[in-house]
Participant: 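Structure in structure tokens, see below.
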Amino acid sequence: MKYILLIFILFSKLVFSSSSQEHTLGALEKILSEKPYWLKLGHYKKGLYGFVESEVDDPRFFLSKNGKFSPIDELKASIHAFSSEQLSQTEKAQSRCKFPARYTWLKKHYYKHWPDLDCPELIKWKSTINPMGLTLVFPTAFMNSPSSMFGHTLLRIDAKDQTRSKELVAFAVNFAAEPDSTDNAALYALKGLVGSYPGKFTLMPYYRKVREYSDIESRDIWEYPLNFDESQVQRILLHLWEMQQATFDYYFISENCSYQLLSLLQLAKEDLDLTSEFNFKAIPSDTVAVLRDSELLEQPKYRPAFGTKLHHYAGQLSFQGLNAAKGLIRGEKLPVGVFSEKQTAAIYELAYEWLNFNYHENALNRGEIAPRLRSLLYERSKLKVSSPLLPPPRPLASPELGHGSSRIGVGENYYKYGQQSLNMSYRLAYHDLLDAPAGFIGGAKIGFFDISAISNASGLYLDQLYLIDAMSLAPDNTVFDSWSWKMKLGFERQPDIDSKRVGRVFAEAGYGKSIGDPQLLHGYILGTVAVNGGDISQGINIGAGFEAGVTWQISEGDRISLSGRWLALSDSNSHKQHELAIRWNTSLSQNWSVRAEVIQQNWHSQERAAKLLLLYYF
Amino acid sequence: MKKLFVAATITLLPFASAMADQDIGCGLGSQLFAGKEGKVVKVLGATTNGTSGNQTFGITFGTLGCDGTGTVTASTKVAQFIDGNMEQLARDVSRGEGEFLETLTEAWGINEQDKVAFNMLVQAKFSEVFTSENVTSQVVLENLNSIIASDSTLTSYTLS
């Protein structure tokens, strides 16, 4: 009996001690797996239904079969792969070198006895990159490409021995969808938009990106040095190395370049959280804003685009000089003895840039143009003067000083025939012609999901919903001959026979010309076609006509616009529709504005409205 | 197309470099004013912000360097930079100044006090560097190298 008791005690002690050890280990693993840094390493995020899920969609990124959905399983699998005695040294080394950021973090905080990381390839990689700092690169919006309407963001890894002139050969970190090269252009565009290409990080020399954005697409670039020290940069790079394994579903609005760069950057510090406020939308200017708010941005540098330079250069030549450059472009010779050496140099330089631009833009005949380009350069090389053309000035406001990308508004609507109503509005993104222009490209309007509701004594009504409301109004100038366009899709209200406002569901497109300077006085005229449905028309009708507008920056914070439209309708009850509006916007601060509007709408009858709105951007 | 062309050049590398006068660079062969690339990149980049073509690597850049192992020598760096920036370089050489020319001198390892001499020399010899509108980056690199080799003050910078 005693023996039995003794055995029992011994046995229970054994069981208890081992289980309590297991218990401690289990508890530690649980604690670790809930640490924010571990969740950041695995790109885990709480989904819509409260389940944790990693945003990485590639099984190679996980060591556990259940890794995508379970941070703790992935943690256990990682610890096992890094340190289990059941595995050979080679196997363990492989796992450690595949996931050096995980290994380093676990070792530093909890497994101090683990051996130091020893990965020759990683060392070689790091010594080639030679990292010192990081720069956030923000090429501004490019209206004529759907993915670039909001701009793009990428990173540049600045090397230790880098000078300003050598940043071109630094490495750029780009997150982009990886297309299937066998798809044709149309399929490519479609698949890109719906996110069916996997997104991936890649490295490339920075000059490739400069050429792509600055030279080919003519987008100005802003370069923000990021306030990270060397060890923080090292931490980010260790994780970037792990991202070789990772592909993501690339969604245009949410899991895009900007979002992924933030989830990479937040690994710099244990407690840095850059992504949690982005639930369903992250656009490049938001990236800039969140980094600004986390005090990670330093004063940006400005890299004017090719087009910006060309336009600025052309303005520095006299009328005769400009004509001489045009002559050179056509293949004529420069008249002798008319221009000074400096003027001659300027003429050759402008002629070369201009012709080269046309050559690429219009795919001109190489056999004819390439010798001409070379001879323009050769003639220029004979002049031993430095370039007389001045670079474009830096814009007064860089993008981080712009208003927030979403907008809410509240105010009052007054109607001539209808009731006075409370107006509440929300716009998901991004910028219209009256919003404060600082930090945005001029002459461009991009509205996504712009909704407003009105409330009065008779109830609450949907007043308008524009799913897309875009205008690209690049003005013509000496150098560029640009076309302007618009696209609008949604729902709004127009006056019915009894001046009652009824719904109009529509799609519109317009094409035309703009003149002037969007920062000062700017006008446009477009030919417009509309397809109308809803209560306003019997069945579907077509409208065709024109619209025009002028925008004037009257002072630093005030913008006024006058716009009108006239459309003939294929509707037997109403042959035409027209509208006239005057709007005034005054910016109180970076994110607050007051807007007043007076609108006259004619459809089946006439209605006039005046609106006064307070707008907040965030 | 360009990608194919470069790939082909790289495949032929041992042969091509054996044929070249000086065994420097990568034998990369993009042409001056190759043209039309712009449109292709525009279409491809239109929805995904991605790029096509050479000199884009995965994170570990397995294709970086001439031997594909990621080893980057000074002359590889110079060769790749020239290959990727032919037009910009031609423009800067014709003026004897500019960011791309400055980057070239840095990558080439030219000391601060010799940069002016380098810039003046290449500007003066523009037609010997960019011998025709069909010149390739490999030839440009060789031309630059032989001009430097025969210049008394800069000869020590000759790449081998």
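Proteins come first, then strands; the chains are lettered A, B, ... in the order of their sequence lines, and each starts at number 1.
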Participant: Could you grab the distance from atom CG of B:Leu89 to atom CG of A:Leu377, nearest 0.5 Å is fine?
Facilitator: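 The distance works out to 11.0 Å.
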Participant: Just checking, any donor-acceptor pair under 3.5 angstrom between side chains of A:Arg366 and B:Asn134?
Facilitator: yes
Participant: With a 4.5 angstrom heavy-atom cut-off, could you sort out which part of A:Leu383 is near chain B: side chain, backbone, both or neither?
Facilitator: backbone
Participant: Given that the side chain runs from C-beta out, which part of A:Glu349 has a heavy atom under 4.5 Å from chain B: side chain, backbone, both or neither?
Facilitator: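 It is both, since atoms from each part get that close.
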Participant: Find the distance between OG1 (B:Thr131) and CZ (A:Arg374) and round it off to the nearest 0.5 Å.
Facilitator: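 Answer rounded to 0.5 Å: 7.0 Å.
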Participant: By number, which residues in residues 91-99 of chain B have some heavy atom less than 4.5 Å away from chain A?
Facilitator: B:Arg91, B:Ser94, B:Arg95, B:Glu97, B:Glu99
Participant: Show me the pairs that pass salt bridge (charged side-chain N to carboxylate O under 4.0 Å, His left out) and involve residues 114-123 of chain B, at least two apart or across chains.
Facilitator: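 As it turns out, the salt bridge (charged side-chain N to carboxylate O under 4.0 Å, His left out) pairs with a partner in residues 114-123 of chain B, which skip direct neighbours, are B:Glu106-B:Lys115, B:Glu112-B:Lys115.
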Participant: Listed by chain and number, what are the side chain to side chain contact (heavy atoms under 4.5 Å, CB included) partners of A:Ala159, not counting sequence neighbours?
Facilitator: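 With neighbours one apart ignored, the set is A:Asn130, A:Asp161, A:Gln162.
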Participant: Is the shortest heavy-atom distance from the side chain of A:Arg211 to the side chain of B:Asn85 under 4.5 Å?
Facilitator: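 Counting from C-beta outward, A:Arg211 and B:Asn85 do come under 4.5 Å.
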Participant: To check you understand the geometry: which heavy-atom pair defines the closest contact between B:Glu133 and A:Pro371, and what is its length?
Facilitator: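 Heavy-atom minimum between the residues: OE2-CG, 3.5 Å.
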Participant: At under 4.5 Å between heavy atoms, what parts of residues 116-126 of chain B are in contact with chain A? List them by residue number.
Facilitator: B:Gln123, B:Ala124, B:Phe126
Participant: What part of A:Tyr378 gets closer than 4.5 Å to chain B, counting heavy atoms only: side chain, backbone, both or neither?
Facilitator: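 Interface part for A:Tyr378: both.
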